[in-house]
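Reminder, nothing fancy here: chain letters follow the sequence lines and each chain counts from 1.
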Protein chains: 2
Amino acid sequence: MDETAGFAQRDEGPAAPSGAAGARHPGRRASMADVARLAGVSSQTVSRVSNGFPGVTEETRRQVLAAMKQIGYRPNSAARALKRGEFRTIGVILFSLSSTGNVRTLEAIAASAAHEGYAITLLPVAVPTQDEVRGAFTRLGELAVDAVIVIMEVHLLDAVTVSLPPNVQVVVADSDAGDRYTVVDTDQVGGTRAAVRHLLDLGHRTVWHLAGPEESFAAQRRAGAWRAALEEAGREVPEPARGDWSAESGYRAGLRLAGEPGCTAVFAANDQMALGLLRALHERGRSVPGDVSVLGFDDIPEAGSFVPPLTTVHQDFAEVGRRCVQGVLRQVRGESPERGTTLVPTRLVVRRSTGAPPAGDR
Amino acid sequence: MDETAGFAQRDEGPAAPSGAAGARHPGRRASMADVARLAGVSSQTVSRVSNGFPGVTEETRRQVLAAMKQIGYRPNSAARALKRGEFRTIGVILFSLSSTGNVRTLEAIAASAAHEGYAITLLPVAVPTQDEVRGAFTRLGELAVDAVIVIMEVHLLDAVTVSLPPNVQVVVADSDAGDRYTVVDTDQVGGTRAAVRHLLDLGHRTVWHLAGPEESFAAQRRAGAWRAALEEAGREVPEPARGDWSAESGYRAGLRLAGEPGCTAVFAANDQMALGLLRALHERGRSVPGDVSVLGFDDIPEAGSFVPPLTTVHQDFAEVGRRCVQGVLRQVRGESPERGTTLVPTRLVVRRSTGAPPAGDR
DNA sequence: GGGACATTTGTTCACGTAAACACGACCGTC
DNA sequence: GACGGTCGTGTTTACGTGAACAAATGTCCC
């Protein structure tokens, strides 16, 4: 608490970079040379102190540190990056931040990266068109990053014929293509399987599915796993309904499903659609879970506050983010060029939207 | 479409940086000098082409471009930043990405920044303690950014006595303190006023309030405006309930409010809490809007799919983000050191959770 | 006391880019 | 045909840092 206002925004530090001498840019940041001059040492010594290198007397170190503090020295990261050939920055390229999963993953990535001393540069792609993606990668090419984490469906990525600069590593979250990149993903198949089994165990004859958009790989995998789980159990596989991940689309699909006779359990591909589904069922006078059981995917924070609280498959996005950073940094450090998919386990969270089917349908 | 695989990840471009000569780092990226050598010109000419400067023959330009393409040249942003003294990067410092508002704002910031040719560096602060914030600002100090956008309650910021490097501009979103920083915020007072008036116009005697956490400035302002609007209309001001923005806290508060006699209209400080409130009312057998009207704040995408669809105050986070970038870039360009608060208007979205009070309470 | 060696500090230079300046070729004008 | 002015291009240099090397100062042992 030795400085006054929050952001000092000082026009010129207490001791400005040595008068008019080197002050070309008026508000120029202090450089190592300035510190060196003030402390009466060479700039190399300042560098050593700045990097915590040995071979500096305690006495000298103290003087240098004092000088640094006095003129408010901060290492120039551009010069540092230029010299070292690394930026200590990871680029994250993703589609709009509207999906909870992406955001949570990003959050974890940022936290992990910060912990490792890396910064995050964000590259959102507004519209998932090839042109947009291509543009983002082009920008990325000249961006100051050592590595890239892509949170995206790979099929879009494949369409993009962009070459990254050599030595820029890539990890892809939430996708297939583990054979070509290092991929981190949640165990969607396992989660789906647990979801379906939970409903069948409750006594439902079969489980309907409210799928995500066709072009989404995650949606495909959930739908595929749902089908497989039903077939494995020897149950009938109803025609899946389809939404676009939004609650609104879940509502529309729900209005249809509400009219389906024999539909006593629905597995929605995400929680938002499950929310819309709940609303549709409510409006159609079908009680949940009395008449119909509803099960979601994601476990968004609000899921426990739906009416009724939603049983859903919890995804550990934080862990995905952490592993992405680990993977990409391992590559940066040249430790292992491992490709392949890492699966983060999911967990079924049972709340109150699922129960036994109505007596007649048992 | 002239390149092969998605990420070429070429170990060494088609024409590596001129043999073993300058190849200290094996996978070194091609530099201007390499391009110059290949094209048979000086590196300065390459620079001119690279920056689209005039004074280069069409003929020469073509040759240089061809050479660039051949060896896969990308400008080195570190060197560029060092030379130019600017990074073309904006740092965004915010608390956890769990609030919809923050995320939407961030999204818009990223989009606007990209549009202006700026990159975004993300600095999430996990826990809103002073130490954490201080740490983030320290990191920020040596980060490669020209400007900073802070999405945070200023009171936390004030506690932090960190000085940013000179010339680093600051814009604060969602806060007060317009006298010290450039602040962009949504018109929370106007939105609240519209919300309260809407409920009073429907015939409610008064409006209860489910407030956000005490330490939140946004919560304070909404609560204050709610109180003012009621007093202005000469209505009784009930004791506000308090949550922590989460749906769960809204549920707990809702259980209490459901028992309050005379509580026919509740204005929740955000949509998540409104969601929990809806659930509590539903569980207590109070119909919405038949017995109680509920009104939220934010207009999150799911709000229209609540049961019933939520009437709420829409915040234009995208506009907030855009103005943040505008403001900060204006400062960077030295156009105006304007302080003061910019207000982005809100809009009342009437759905089905509000209606006239029950006959007895009219 | 002299030589081998460790410890601390200083000097030089290169990283890749781009501003400033220098140079030569070509143009039209008188 | 000599002169000033463009125009296109090359040369030099600086940005701030840190590796490599050099130098200065001890320190110890024989």
Sugar-phosphate, base or nothing in reach of A:Val41, heavy atoms under 4.0 Å: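 The answer is sugar-phosphate, as A:Val41 gets under 4.0 Å only of primed atoms, P, OP1 or OP2.
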Counting heavy atoms from C-beta on, name the nucleotide in [options] closest to the side chain of [X].
X: A:Gln44; options: D:dA19, C:dA18, D:dT17; answer: D:dA19
X: B:Thr60; options: C:dA14, C:dT11, D:dT9; answer: D:dT9
X: A:Ser42; options: C:dG10, D:dA14, D:dT17; answer: C:dG10
X: B:Arg48; options: D:dT17, D:dG10, D:dG18; answer: D:dG10
X: A:Thr57; options: C:dA18, C:dT8, C:dG10; answer: C:dT8

Can you tell me how far [atom2] of [N] sits from [atom1] of [X], to the nearest Å?
X: B:Met32; N: D:dT13; atom1: CE; atom2: C1'; answer: 13 Å
X: A:Arg37; N: D:dG16; atom1: CZ; atom2: C1'; answer: 12 Å
X: A:Tyr73; N: D:dG18; atom1: OH; atom2: C1'; answer: 10 Å
X: B:Arg80; N: C:dT17; atom1: CZ; atom2: P; answer: 8 Å
X: B:Lys83; N: C:dA20; atom1: NZ; atom2: P; answer: 8 Å
X: A:Asn76; N: D:dA14; atom1: CG; atom2: C1'; answer: 13 Å
X: A:Glu58; N: C:dT7; atom1: CD; atom2: P; answer: 16 Å
X: B:Arg61; N: D:dT9; atom1: CZ; atom2: P; answer: 10 Å

Under 3.5 Å side-chain donor-acceptor pair for B:Asp34 and B:Ser31: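 There is such a pair between these side chains.
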Pairwise 5' ranking along DNA chain C for B:Phe53 and B:Leu82, keeping only the more 5' one: B:Leu82
Partners meeting salt bridge (Lys or Arg N to Asp or Glu O under 4.0 Å) with B:Glu59 (sequence neighbours left out):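 If we apply the salt bridge (Lys or Arg N to Asp or Glu O under 4.0 Å) test to B:Glu59, skipping adjacent residues, the hits are B:Arg62.
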B:Ser43 side chain near C:dG16 phosphate (N/O to OP1/OP2, under 4.0 Å): no
Phosphate-side-chain proximity, B:Arg84 and D:dC15, N/O vs OP1/OP2 below 4.0 Å: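 Result: no.
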Donor-acceptor under 3.5 Å (A:Asp146 side chain, A:Arg88 main chain): yes
CZ-CG distance between B:Phe87 and A:Asn76, expressed to the nearest 0.5 angstrom: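 One finds 5.0 Å between CZ of B:Phe87 and CG of A:Asn76.
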Residue of the set B:Val92, B:Ile90, B:Thr89 for which side-chain contact (heavy atoms from CB on, under 4.5 Å) holds with B:Val145: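 With B:Val145 as partner, B:Val92, B:Ile90, B:Thr89 yield a single side-chain contact (heavy atoms from CB on, under 4.5 Å), made by B:Thr89.
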